[in-house]
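Remarks on the structure that follows.
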There are 2 protein chains.
Amino acid sequence: MPYLNKAAPSPEPLDCRILSAALDLFVERGFHNVSVHDVQRESQVSIGSIYKHFGGKEGIAKALYYHLLNEFEEMMNQVMEEDLSNRERCNRIIALLFEYTESRRNIIEYMLHAKHREFLPNEPPICSSTPFKVMRSIVQQGMDAGEIRSGNPWVVASTVFGGAIRMIHLRLDGVMEQPLTECYDELIDCMWRGLSTGEAVKRKRPQAVEVAG
Amino acid sequence: MPYLNKAAPSPEPLDCRILSAALDLFVERGFHNVSVHDVQRESQVSIGSIYKHFGGKEGIAKALYYHLLNEFEEMMNQVMEEDLSNRERCNRIIALLFEYTESRRNIIEYMLHAKHREFLPNEPPICSSTPFKVMRSIVQQGMDAGEIRSGNPWVVASTVFGGAIRMIHLRLDGVMEQPLTECYDELIDCMWRGLSTGEAVKRKRPQAVEVAG
DNA sequence: AAAAGTAGAACGAATGTTCATTTCTGTCAA
DNA sequence: TTGACAGAAATGAACATTCGTTCTACTTTT
């Protein structure tokens, strides 16, 4: 006697339910530790529909990837439309990434912390996607405009965004307990002004390292 | 008619052959896309021996992980034994990581680029392992000694090593073609001195982004 | 003779996928 | 308004395959 308890059918369209269930599961357990049946159970959508919509497990992951990539592109477009210097644009991107990490953690985890190549072997790596190209081109324009110290584009771009991305990883891995948004100002300061104290560094005898638990 | 073509038996001990075959395969295809039978074929060691030595697929991954973690710890010990300031120690670690990335790529890929949680769910994340603790404690000592600008330890440590780790990821993903060792000097300079040009940044109208292919 | 290694068949559980069947939805003639 | 009906959407039991693991018989080494 099926189809009886449909008093309150989920209003969301099927593909949305599938994708959001898949996102949660993929992030929680990793792509390879999630079966289509798991997605079925979590999304309450039948196996057949899942195959109809996405063609299979990899299809789900790919659709999710491009869907979220699109969100990232829109984020970049939004930043590009604001009236900001290139340096401020870099800061704005970092601020947005930090906010997303805190408020929409799974999205960031899936996009910045997963190894897509292991389950989407034919997709280009995310660092060669449009949003990342935009980030690098902002840095390049900043160098051209004299706002950012000139140099090897890869080195400069990595210095600009590397610290932030590192902190996102640490936060997602659970080793950092403080919300990223609280660290934003200090990170920006460190990154632009550098970490030197200014005073000459005196050579010291190395001391025994004390490794904090 | 087996056991005939053993004219030149591999001199390496079994477990080494298993581990190095596994490392290559895991890095090339990802843990979940490698079967024990693949490891058997690649290492030329029988299934029985593989199970005898490591107890299974996960056992291989775990042994490999701790073996390489040990190499990292030795690398850190070596750096700690040299007569260097804390700042120089940070530089030295980055230089060593860059060299490893170029010359022993698979090791770095397995340790810094894989998602261990997906196949070793009970191991702590690598950023909470001893080598990373040592790196953070060096930064802390550098701050205490006035060699490194003081601040939130996570922020400062991420700024010190984030750029380097970011470049390693870019290199391993194949989007950066230049060897990392050639970028070392410039990265160190950017990181310590910051990316500001010094001159005041004039607010500019944003220009259309040109995204390079 | 004991220990270590090899070969490879067999097994069972997990999992990606298919497809016959059911239900829904909109249309149109009566 | 009703009812028939066609096509689309959705369902889920069943299937086929993969893969981690075990086991036995055999060989080599010490």
Side-chain angles (χ1 to χ4, degrees), chain A residues 1-26 28-65 116 118-122, chain B residues 1-26 28-65 116 118-122:
Chain A
M1 205 178 298
Y3 304 113
L4 270 189
N5 40 4
K6 289 191 78 182
S10 307
E12 260 188 318
L14 280 196
D15 47 355
C16 280
R17 273 158 61 200
I18 297 169
L19 287 185
S20 72
L23 175 62
D24 291 344
L25 289 170
F26 288 166
E28 185 185 327
R29 304 186 207 162
F31 177 82
H32 288 286
N33 296 318
V34 173
S35 73
V36 181
H37 299 276
D38 291 331
V39 177
Q40 187 279 315
R41 214 170 304 129
E42 182 87 4
S43 66
Q44 296 285 18
V45 175
S46 70
I47 292 263
S49 294
I50 293 176
Y51 275 84
K52 174 91 173 174
H53 278 275
F54 298 106
K57 190 177 161 186
E58 201 172 305
I60 302 174
K62 195 192 260 186
L64 195 52
Y65 180 72
H116 304 107
E118 286 197 7
F119 52 91
L120 298 175
N122 298 321
Chain B
M1 206 177 297
Y3 305 116
L4 269 190
N5 40 6
K6 287 191 80 182
S10 308
E12 264 187 316
L14 279 196
D15 47 356
C16 280
R17 273 159 60 201
I18 297 170
L19 287 185
S20 72
L23 175 63
D24 291 345
L25 288 169
F26 288 166
E28 186 186 326
R29 303 186 207 162
F31 177 82
H32 288 286
N33 297 317
V34 174
S35 72
V36 179
H37 298 276
D38 291 332
V39 177
Q40 187 280 316
R41 214 171 303 129
E42 182 87 2
S43 66
Q44 297 284 17
V45 175
S46 69
I47 294 257
S49 293
I50 293 176
Y51 275 85
K52 175 92 175 171
H53 277 275
F54 298 108
K57 191 177 164 187
E58 202 173 304
I60 302 174
K62 195 191 262 187
L64 195 51
Y65 180 73
H116 303 108
E118 286 197 8
F119 53 93
L120 297 176
N122 298 321

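Residue numbers begin at 1 in each chain, while the letters A, B, ... track the order of the sequences.
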message = Please report the distance, rounded to the nearest Å, between CD1 in I18(B) and C1' in dT6(C).
response = 12 Å
query = Nearest-Å distance, CD1 (I60(A)) to C1' (dT15(C))?
reply = 13 Å
key: Rounded distance in Å - CZ (F54(A)) to C1' (dG16(C))   = 16 Å
note = The ring pair (Phe, Tyr, Trp, His ring centres under 6.0 Å) partners of Y65(B) (sequence neighbours excluded) come to H116(B)
ask   = For S46(B) and dA7(C), is the shortest distance between a side-chain N/O and OP1 or OP2 below 4.0 Å?
value = no
key: dT11(D) phosphate, OP1 or OP2, under 4.0 Å from S49(A) side-chain N/O   = yes
task = For residues L19(A) and L64(A), report the shortest heavy-atom separation together with the two atoms involved.
result = O-CD1, 3.8 Å
ask   = Within this structure, what is the CD-to-C1' distance between Q40(A) and dT18(C), rounded to whole angstrom?
value = 15 Å
request  = Output all residues satisfying ring pair (Phe, Tyr, Trp, His ring centres under 6.0 Å) with F31(A), sequence neighbours left out; order by chain, then residue number.
outcome  = F26(A), F119(A)
task = With sequence neighbours excluded, tell me which residues meet salt bridge (Lys or Arg N to Asp or Glu O under 4.0 Å) with D24(B).
result = none
request  = Using the salt bridge (charged side-chain N to carboxylate O under 4.0 Å, His left out) rule, collect all pairs that involve residues 45-65 of chain A, keeping only residues at least two apart or in two chains.
outcome  = K62(A)-E123(A)
task = Please state how far atom NZ in K52(B) lies from atom C1' in dT21(D), giving the value in whole angstrom units.
result = 16 Å
Heteroatom pairs (N/O) under 3.5 angstrom, protein to nucleotides 16-20 of chain D:
from	atom 1	to	atom 2	distance (Å)
dG20(D)	OP1	V34(B)	O	3.4
dG20(D)	OP1	K57(B)	NZ	2.7
dG20(D)	OP2	V36(B)	N	2.8

ask   = Between D38(A) (CG) and dT15(C) (P), how many Å, whole number?
value = 7 Å
query = For residues 28-50 of chain A, which residue pairs qualify under salt bridge (charged side-chain N to carboxylate O under 4.0 Å, His left out), counting only residues two or more places apart or in two chains?
reply = R29(A)-D38(A), D38(A)-R41(A)
query = Taking CD1 from I47(A) and C1' from dG16(C), how many angstroms apart are they, rounded to a whole number?
reply = 9 Å
query = Rounded to whole angstrom units, what separation is found between the CD1 atom of I50(A) and the P atom of dA10(D)?
reply = 12 Å
